[in-house]
Amino acid sequence: MITAAGRLRRLYRRLLDSYGPQGWWPARGPTEVLIGAVLTQHTSWRNVEQALLRLRAVSRLTPAAVLAIAPEELARLIHPAGYPRVKAHRLRQLLSWCHARGGVAALRHLPTDTLRSELLGVHGVGPETADSILLYALQRPLFVVDAYTRRLFSRLGLIGGAEHYDAIRRPVERALRGATQDLNEFHALIVRHGKEPCRPRPHCAACQLVKICRYPVSLRPHD
DNA sequence: ACCCAGGGTCATA
DNA sequence: TATGACCATGGG
């Protein structure tokens, strides 16, 4: 990531002006953020919603209640989100950790560094899932780097494409001065912009790209 | 019949 | 360190 705090701030401002606040995370409660963060791994939010509907229909979405569901049954319930057995196992690992820690409310007392390293220690929780939970369930000032972020930053020349996760995350956190609400909106807006590929007329008002925006979603992070 | 979606782990070189 | 296979469903 080249040191481009000003460019990052202007990009954020343009995205916000174009789309308005996104009001993330789309969940009813904090535990649902944890569950959704696992379910949405390499999966469209549309499919995740179906899985959440099926889960909500049979259980309260608290760690204890979901852990009371038999693993095979849990897998069956979440199957619209894909990778049912993998995700059922990951959900159980994550919710067991949370439950052992006294529930989501109890997590608020712990420092961000501690929470992040413990989350990364949970099997099936990588950096994006951990940071989504920390930002959207616990309001910690972290920037979430996902495939849309890499693609957009790479198209804008802000990164080469091979940067490590933290090498993208930290500069954005500095550029936005660790303001939780801005980090929240920035990531949500990047996803919004990525989901609705902008049509240049003559250029995209949000990212200001002319040519690249005409290539919808086919470009990969390293293109 | 492809390609893609708000990733992560594991085996291998 | 860095690739590739694997996990699996639903929509374009």
Side-chain angles (χ1 to χ4, degrees), chain A residues 12 15 19 21-27 30 32-55 71-97 116-137 142-155 159-169 172 183-199 206-207 213-223:
Chain A
Y12 169 52
L15 287 166
Y19 299 108
Q22 300 299 298
W24 270 30
W25 183 284
E32 218 177 281
V33 177
L34 273 67
I35 295 172
V38 168
L39 292 182
T40 198
Q41 290 174 352
H42 199 74
T43 300
S44 63
W45 186 254
R46 178 186 190 84
N47 287 13
V48 173
E49 291 231 291
Q50 295 312 307
L52 284 173
L53 280 175
R54 291 162 59 94
L55 252 189
E72 322 82 65
E73 173 67 0
L74 181 58
R76 189 185 66 74
L77 288 166
I78 65 172
H79 98 267
Y83 312 116
R85 291 195 298 215
V86 171
K87 285 177 178 175
H89 184 249
R90 291 179 182 179
L91 281 179
R92 293 181 59 82
Q93 298 290 308
L94 176 60
L95 295 175
S96 296
W97 167 79
R116 191 167 197 269
S117 62
E118 287 198 13
L119 276 169
L120 291 175
V122 175
H123 187 93
V125 175
E128 183 183 341
T129 305
D131 291 342
S132 295
I133 291 167
L134 289 166
L135 176 59
Y136 293 107
L142 295 167
F143 179 67
V144 178
V145 178
D146 68 344
Y148 287 127
T149 308
R150 286 182 181 274
R151 195 173 68 206
L152 178 60
F153 283 14
S154 161
R155 287 170 175 179
I159 59 174
E163 283 79 0
H164 280 181
Y165 186 94
D166 285 352
I168 299 171
R169 176 176 72 84
V172 176
L183 292 163
N184 174 323
E185 288 296 343
F186 197 18
H187 172 68
L189 287 162
I190 289 168
V191 173
R192 170 72 181 276
H193 176 262
K195 280 162 115 160
E196 274 180 35
C198 47
R199 302 299 170 184
C207 68
C213 273
R214 273 192 272 126
Y215 296 79
V217 250
S218 52
L219 285 184
R220 308 298 302 268
H222 297 282
D223 290 343

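Chain letters run A, B, ... following the sequence lines, proteins first and then strands; every chain starts at 1. All values below were derived from every heavy atom in this structure, side-chain atoms included, with hydrogens, water molecules and symmetry-related copies excluded.
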Value in whole Å for how far the [atom2] atom of [N] lies from [atom1] of [X]:
X: Lys195(A); N: dA5(B); atom1: NZ; atom2: P; answer: 11 Å
X: Leu119(A); N: dG8(B); atom1: CG; atom2: C1'; answer: 14 Å
X: Glu196(A); N: dA5(B); atom1: CD; atom2: P; answer: 15 Å
X: Arg151(A); N: dG7(B); atom1: CZ; atom2: P; answer: 11 Å
X: His164(A); N: dG7(B); atom1: NE2; atom2: P; answer: 18 Å
X: His193(A); N: dA5(B); atom1: NE2; atom2: P; answer: 14 Å
X: His42(A); N: dG7(B); atom1: NE2; atom2: C1'; answer: 8 Å
X: Glu49(A); N: dA5(B); atom1: CD; atom2: P; answer: 18 Å

Sugar-phosphate, base or nothing in reach of Asn47(A), heavy atoms under 4.0 Å: base
Touch class at under 4.0 angstrom, heavy-atom based, for Val86(A) against every strand present: sugar-phosphate
Flag side-chain contact, heavy atom, 4.5 Å: Leu53(A) against Gln50(A): yes
Student check: side-chain heavy atoms of Asn47(A) and Thr40(A) closer than 4.5 Å: no
Test log, rule side-chain contact (heavy atoms from CB on, under 4.5 Å), inputs Thr43(A) and Tyr83(A): CA-CA 9 Å; Thr43(A) 300; Tyr83(A) 312 116; 4.3 Å; yes
Distance between P atoms of dC10(B) and dA8(C) (Å, rounded): 15 Å
Same-atom distance (C1') from dA2(C) to dA5(B), integer angstrom: 24 Å
Closest-nucleotide ordering on DNA chain C, the 5'-leading residue of Thr43(A) and Arg46(A): Thr43(A)
Nucleotide opposite dC6(C) in a Watson-Crick or G-U pair, distances under 3.5 Å: dG8(B)
Test side-chain contact (heavy atoms from CB on, under 4.5 Å) applied to Arg169(A) and Leu183(A), Val145(A), Val144(A), the passing residue: Val145(A)
Using nucleotides 9-13 of chain B, report all nitrogen or oxygen pairs with the protein that are shorter than 3.5 Å.
from, atom 1, to, atom 2, distance (Å)
dT9(B), OP1, Gly124(A), N, 3.1

Non-neighbouring partners of Glu49(A) that pass side-chain contact (heavy atoms from CB on, under 4.5 Å), sequence neighbours left out: Trp45(A)
Any Thr129(A) side-chain N or O less than 4.0 Å from OP1/OP2 of dG8(B): yes
Aromatic ring pairing Phe153(A)/Phe186(A), orientation class (parallel under 30°, perpendicular over 60°, tilted between): tilted
Plane angle bin for Tyr136(A) and His187(A) - parallel if under 30°, tilted between 30 and 60°, otherwise perpendicular: tilted
Atom CZ of Arg54(A) with >12 non-hydrogen neighbours under 6.0 angstrom: yes
Trace of the side-chain contact (heavy atoms from CB on, under 4.5 Å) decision for Leu135(A) with Trp25(A): CA-CA 9 Å; Leu135(A) 176 59; Trp25(A) 183 284; over 6 Å; no
First and last nucleotide of DNA chain C, 5' to 3', lying under 4.0 Å from heavy atoms of chain A: dA2(C) to dG11(C)
Closest contact, heavy atoms only, Asp131(A) versus Tyr165(A): OD2-OH, 2.7 Å
